[in-house]
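Notes follow once the structure below has been shown.
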Amino acid sequence: MPVLSRQEKIILLLIITVLLIFYGFKLYFQEKNSITIIPATQTDVDIGLRSNESIENDYCIVHITGAVNNPGVYELPKGKRVIDAVKIAGNTKSNANPDAVNLATPIFDGQKIVIPYIIEGEEANLLLNSDTNISSQQYNYYKTDNLININNCTSWELEALDGIGPTLAQRIIDYRNKNGLFKKIEEIRNVPGIGEKKFNTIKEMITVY
């Protein structure tokens, strides 16, 4: 093995020092400019999903029609009531009968709210003699207050009827969701558990308008 002179040792030491400094700076700038990706934990994913669900579940989409100035489909925050839907639809028309609807009813997603008109005089005669097949009994519901609309009422509203408990109320709502809106009050007898006797008990308290 050759023996290095003192001058050669100094030169070799300087070369090694320069190389160490060069590679040291190179590694420093590589780490500084790099992007570290930390995988999301399952907890982070769950929090994100719950946040999105919370945003979606904070609103209800309702369809309001009938005697309002701007009928249509609207998005309202959860917790609002029918009166709020009426206001967002431009309030009722002059010939509306808002007393036929429970304006304090909480709204729910997918709800259809119908504000009936006040129909009387010649207009009533034309309606009853038209092809709409509205019976005299159904016509009376246009002018009667505090009736439960079985086409858009909630379960707790149905439970206010004589002889209707939570189970039967849910059956009515399930039947409505599956078969569509009731065209006349007599169709509620198609719901399992509502016979002729129970229908006669509640028929003066319900409407389909």
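When a residue number appears, it is its place in the shown sequence, counting from 1.
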Counting N and O atoms only, with roles assigned by atom type, does the side chain of [X] sit under 3.5 Å from a partner on the main chain of [Y], one being a donor and the other an acceptor?
X	Y	value
R176	I150	yes
D84	R81	yes
N151	V208	yes
N152	K112	yes

query = With respect to I173, which candidate in L158, L168, V191, T154 satisfies the side chain to side chain contact (heavy atoms under 4.5 Å, CB included) definition?
reply = L158
Going by heavy atoms in the side chains, are [X] and [Y] under 4.5 Å from each other?
X	Y	result
P116	V101	yes
N179	E187	no
V62	Q111	yes

Nearest non-hydrogen partners of [X] and [Y], listed with the distance:
X	Y	result
C60	I107	CB-CD1, 4.0 Å
K203	I185	O-CD1, 3.8 Å
V68	P71	O-CD, 3.5 Å
A169	E159	CB-CG, 4.0 Å
E75	I88	O-CD1, 4.4 Å
I115	A96	CG2-CB, 4.2 Å

request  = Decide yes or no on side chain to side chain contact (heavy atoms under 4.5 Å, CB included) for H63 and V73, but give the supporting numbers first.
outcome  = CA-CA 4 Å; H63 179 198; V73 177; 4.2 Å; yes
At what distance, to the nearest 0.5 angstrom, does [atom1] of [X] lie from [atom2] of [Y]?
X	Y	atom1	atom2	answer
F199	I194	CZ	CD1	9.5 Å
N200	R189	CG	CZ	8.0 Å
I206	E186	CD1	CD	8.0 Å
I172	I164	CD1	CD1	4.5 Å
E157	N102	CD	CG	5.0 Å
I64	T92	CD1	OG1	9.5 Å

key: V114-I148 co-clustered via ILVMFWY side chain contacts under 4.5 Å   = no
key: For Y74, ring-ring contact (aromatic ring centres under 6.0 Å, His included) partners two or more places apart   =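 ring-ring contact (aromatic ring centres under 6.0 Å, His included) list for Y74, sorted by chain: empty.
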message = For K80, is the NZ atom crowded, meaning more than 12 foreign heavy atoms sit under 6.0 Å from it?
response = no
